[in-house]
There are 2 protein chains.
Amino acid sequence: MVTTSNKSERVPSDKVNSRVERSRHTVLTTAFELLSEGGVTSFTVDEVARRSGVAKTTIYRHWPTREALVIDACSRMIAEQETPDTGSLEGDVTAILMEIAHLLPTANWSFVLPSIVDTAERNPEFAEIHSRIQRGHAAPLREVLQRAVGRGELSAHADVSTIVAALLGPLFYRRWFSREPIDDQFVKEIIKRVLASL
Amino acid sequence: MVTTSNKSERVPSDKVNSRVERSRHTVLTTAFELLSEGGVTSFTVDEVARRSGVAKTTIYRHWPTREALVIDACSRMIAEQETPDTGSLEGDVTAILMEIAHLLPTANWSFVLPSIVDTAERNPEFAEIHSRIQRGHAAPLREVLQRAVGRGELSAHADVSTIVAALLGPLFYRRWFSREPIDDQFVKEIIKRVLASL
DNA sequence: ATGATACGATACGGTATCGTAGCGTTTAAT
DNA sequence: ATTAAACGCTACGATACCGTATCGTATCAT
């Protein structure tokens with residue numbers, strides 16, 4: 001009895017290949033793809049069903065509502081950027097910003113983000129997601145700045161939050177507002193100017 | 001005959017109070033208000049009709065399609081900011097950024113802009129509007145920077161476009177991405193750091 | 001093998017929205 | 001006063017979506 005009971009409490013690795021998990025995965029992949037193309041607005045459950053091949057009824061067996069699915073798909077968008085450790089603040093910052101600069105014109109999330117920003121403006125749930133995504137982007141930068149403080153390379157009074165805005169702001173500005181290209185020269189200019197003023 | 005013909009060729013000031021122009025104005029005002037509240041997505045012609053009191057059929061007599069009305073309403077959003085002239089570059093830049101900083105949390109356009117940015121990502125017509133709005137925001141800054149070059153206060157080799165991004169980027173970043181408050185201290189910090197590096 | 005669970009297909013009901021038709025009424029110019 | 005243009009009202013047709021119901025089929029553990 002106990003043995004039987006234990007067998008039905010499967011470990012996660014078992015569940016991955018179960019039928020439910022296959023469906024979940026297929027739907028989420030398609031949902032994310034759809035979000036990247038049209039943003040939150042034009043996202044429909046019917047289209048997910050059409051593209052994924054998973055029946056709409058099955059989708060509603062997994063997610064209670066359209067919004068739940070959108071939120072779930074958006075959550076998979078949080079960038080897992082790794083923090084470099086070159087030994088110097090300038091080296092670390094350059095590594096981070098260069099990677100972001102290269103991702104901005106191509107990565108899927110850069111096409112969805114405006115949509116999330118807009119939705120977050122009036123929807124608390126999306127505001128929460130947006131907040132998590134944002135923290136994900138800023139985290140590596142905050143970490144290398146803190147490390148620089150630890151090494152004495154940066155004053156302990158330095159306002160990390162301001163510096164992050166001074167570094168990321170110009171890049172984001174070019175991607176979504178002025179829509180100018182973000183070349184390496186530009187990134188280096190920004191870094192040089194911001195770090196010079198510390 | 002000629003006199004009669006001339007009378008029908010009215011001057012614009014006459015037209016302002018005509019019935020058509022009254023309708024146009026009422027509808028556009030309501031449309032803009034609606035856009036400010038819900039963004040481009042939740043904007044519906046039916047709601048404009050309900051709120052404005054103008055019949056939906058009349059609205060469609062003026063604008064061929066919903067999109068045309070949205071675009072027309074968005075176009076009225078272009079900020080008409082005046083360029084200061086304090087004599088020094090720092091004074092001018094401070095005046096401009098302080099005004100923007102105070103508008104960012106309150107002005108109607110700041111609630112609609114994410115919506116336009118998102119739509120512009122996939123719609124050329126909105127990309128054009130967005131471009132005009134953007135140029136409107138950056139124009140005063142570009143002008144005072146050019147003036148500073150003329151006075152010799154700024155090197156002729158200075159990349160104006162980069163400096164604009166370095167100044168506006170952090171403010172926009174805080175408004176729409178990190179969602180942190182934008183206090184005067186922050187604005188002054190940004191200005192100080194950017195101008196110090198010139 | 002058998003039963004439980006998940007899935008697929010189709011068809012709905014309900015709602016929102018776009019854009020139009022028809023027709024009577026108001027406005028405003030002559 | 002007459003008349004043309006603009007407006008309001010109601011009612012549509014068409015479409016797209018959400019979310020559910022029904023029922024038959026496939027999967028999978030035991």
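A, B, ... follow the sequence lines: proteins, then strands. Residue 1 opens every chain. Quantities reported herein were computed from a predicted structural model and do not represent experimental measurements. The figures that follow rest on heavy atoms only: side chains count, while hydrogens, waters and symmetry mates do not.
Under the 6.0 Å distance and 45° angle rule, B:R51 does not count as a cation-pi partner of B:F32.
Under the 3.5 Å distance criterion, with hydrogens and angles disregarded, a donor-acceptor pair is assigned to the side chains of A:E180 and A:S178. A donor atom on one side chain and an acceptor atom on the other are not found under 3.5 Å apart for B:R24 and B:T29. No donor-acceptor contact under 3.5 angstrom links the side chains of B:R179 and A:S131, judged on distance only. Defined by atom type and a distance below 3.5 Å, a donor-acceptor pair is missing between the side-chain atoms of A:S23 and A:T58.
Pairing each heavy atom of A:D159 with each of A:T162, the nearest pair is OD2-OG1, 2.9 Å. Closest of all the heavy-atom pairs between B:V112 and B:S36 is CG2-CA, 3.6 Å.
Between A:T57 and C:dG8 there is no side-chain N or O to OP1 or OP2 distance below 4.0 Å. Put simply, A:T58 has a side-chain N or O that comes within less than 4.0 Å of OP1 or OP2 on C:dG8. Contact between the side-chain N/O atoms of A:H62 and the OP1/OP2 oxygens of C:dC7 is found at a separation under 4.0 Å.
Computed from coordinates, the B:E21 CD to D:dA6 C1' distance equals 13 Å when rounded to whole Å. Atom pair A:R24:CZ and C:dA6:C1' shows a separation of 14 Å (rounding to whole Å applied). Note: CD1 (B:I59) to P (D:dC7) measures 11 Å, nearest angstrom.
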Please tabulate the protein-to-nucleotide N/O contacts below 3.5 Å involving nucleotides 25-28 of chain C, giving atom names and distances.
residue : atom : partner : partner atom : Å
C:dT26  : O2   : B:R19   : NH1          : 3.3
C:dT27  : O4'  : B:R19   : NH1          : 3.2
C:dA28  : OP1  : B:R22   : NH2          : 3.1

Identify each atom pair where a protein N or O and an N or O of nucleotides 16-18 of chain C are less than 3.5 Å apart, giving names and distance.
residue : atom : partner : partner atom : Å
C:dC18  : OP1  : B:V45   : N            : 3.4
C:dC18  : OP2  : B:V45   : N            : 3.1
C:dC18  : OP2  : B:D46   : OD1          : 3.0

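Between the side chain of A:R61 and the base of C:dG8, a donor-acceptor pair under 3.5 Å is found.
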Which atom pairs, donor and acceptor, lie under 3.5 Å between side-chain atoms of residues 62-69 of chain B and protein residues at least two apart or in another chain?
residue : atom : partner : partner atom : Å
B:W63   : NE1  : B:D72   : OD2          : 2.9
B:R66   : NH1  : B:F43   : O            : 2.4
B:E67   : OE2  : B:N123  : ND2          : 2.9

